[in-house]
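Heads up: the structure comes next, in structure tokens.
Because the structure is predicted, anything quoted here is derived from the model rather than measured.
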Amino acid sequence: MEYIPAKSIVNRAKDPGWFGAIYNMNIYRGCCHGCIYCDSRSDCYHNTDFDRVKAKADALRIIRDDLARRAKRGVVATGAMSDPYNPCEAELLLTRNALTLLEAYRFGTAIATKSDLILRDIDILSSIRQTMPAICKITITTCDDELAARIEPRAPSPTRRLAAVEGLSRAGLFTGILMMPILPFLEDNPGNIRDIVARAAGAGARFIYPAMGMTCRAGQREHFYRELEVAFPGQGLAERYQKRYGTRYYCTSPRARALWEVFQEECDRLGLLYSMKEIVAASWQGCESGQLSLF
């Protein structure tokens, strides 16, 4: 493992409305899941060796000092730039020990991951949940293991991720799915949306938060087009993206409106939350601190 220097790790969030998190925490840099669409490959993040995971040196001391300096307690998000449960976490335990620090300093957490390794930390997450939100967000954009193996080649399969949702939900943790990105021309069909919603509900998910499209900017875009040709040879998918979206940052599915209608109808029918405001409010239910202290 290569270690890189860091001055601070728990930093103010740019968008405090995102799952109610007022801080962000990224212990690792880079990711080895190999998702062909990952926004974190974009040139603006200056990470030219993205597929090689690095850890921040002396991370736990820095996190402890960051938390001690924070006058306002709140939810700390992790997983925005690098999956906190990359395979190396199984041995390094940096995410697990960071969660222990959040618990000790009475902070909540909102975790985004594609890994079922999160099940290992149910004990700490359940303890955090006693006083603050512990939001578990599992990314699933298709339930088709074969398709996922092409677009997310080294990530745990959707089948394993759904099993993680079930395990977390059974433990009483506030768990749901990040249904993003829904890739145009590959995943943007009503059958895929219905399948995800139905299987999420069956696994005990409380919410699904979607994006009917993907981001695509310099660095990320070129990698995505190259990998499309490798994963789906002879289908001309890269050309279709280029013709429709050019150099746009956000590539909305041409079926977005119809897909939203299907998505909302299925979520309403099965009782799944999908409004950010409602998700955040529900995440505070049962916490000793109470939602009034946040708002």
- Item | Mutual orientation of the aromatic rings belonging to F207 and F19 [parallel < 30°, tilted 30-60°, perpendicular > 60°] | tilted

- Message: Angle between ring planes, Y241 versus F224, binned at 30° and 60°: parallel, tilted or perpendicular?
- Response: perpendicular

- Query: Pick one: which of R221, R248, Q220 meets side-chain hydrogen bond (donor to acceptor under 3.5 Å, both in side chains) with T215?
  - Reply: Q220

Is it true that [X] and [Y] make a salt bridge, defined as a side-chain N closer than 4.0 Å to a carboxylate O?
| X | Y | result |
| --- | --- | --- |
| D65 | R69 | no |
| D43 | R217 | no |
| D51 | R41 | yes |
| R161 | E152 | yes |
| R150 | E227 | no |
| K114 | D83 | no |
| R170 | E166 | yes |

- Using side chain to side chain contact (heavy atoms under 4.5 Å, CB included) as the criterion, point out the one residue from V165, T113, L178, I177 that pairs with K137.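 When side chain to side chain contact (heavy atoms under 4.5 Å, CB included) is applied between K137 and each of V165, T113, L178, I177, only L178 qualifies.
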
- Cation-aromatic face contact R240/F185, 6.0 Å, 45 degrees: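 So R240 does make the cation-pi contact.
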
- Item | Charged tip of K56 within 45° of Y3 ring normal and under 6.0 Å | no

- Side-chain contact, heavy-atom cut-off 4.5 Å: Y105 with R64? yes

- Item | E239, CD: over 12 other non-hydrogen atoms inside 6.0 angstrom | no

- Does the side-chain contact (heavy atoms from CB on, under 4.5 Å) test come out yes or no for W284 and F174, once each step is laid out? CA-CA 9 Å; W284 280 87; F174 188 70; over 6 Å; no

- Message: Would you say the rings of Y274 and F263 are close, in the sense that their centroids are separated by under 6.0 Å?
- Response: yes

- Verify side-chain contact (heavy atoms from CB on, under 4.5 Å) between F107 and R70, making sure each step is shown before the conclusion. CA-CA 10 Å; F107 283 75; R70 299 300 180 190; 3.8 Å; yes

- Message: Checking S127 against E103: is there a side-chain donor and acceptor pair closer than 3.5 Å?
- Response: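 E103 vs S127: donor-acceptor pair found between side chains.
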
- Task: Answer yes or no: is there a donor N or O on one side and an acceptor on the other, between the side chain of N86 and the main chain of C88, under 3.5 Å?
- Result: no

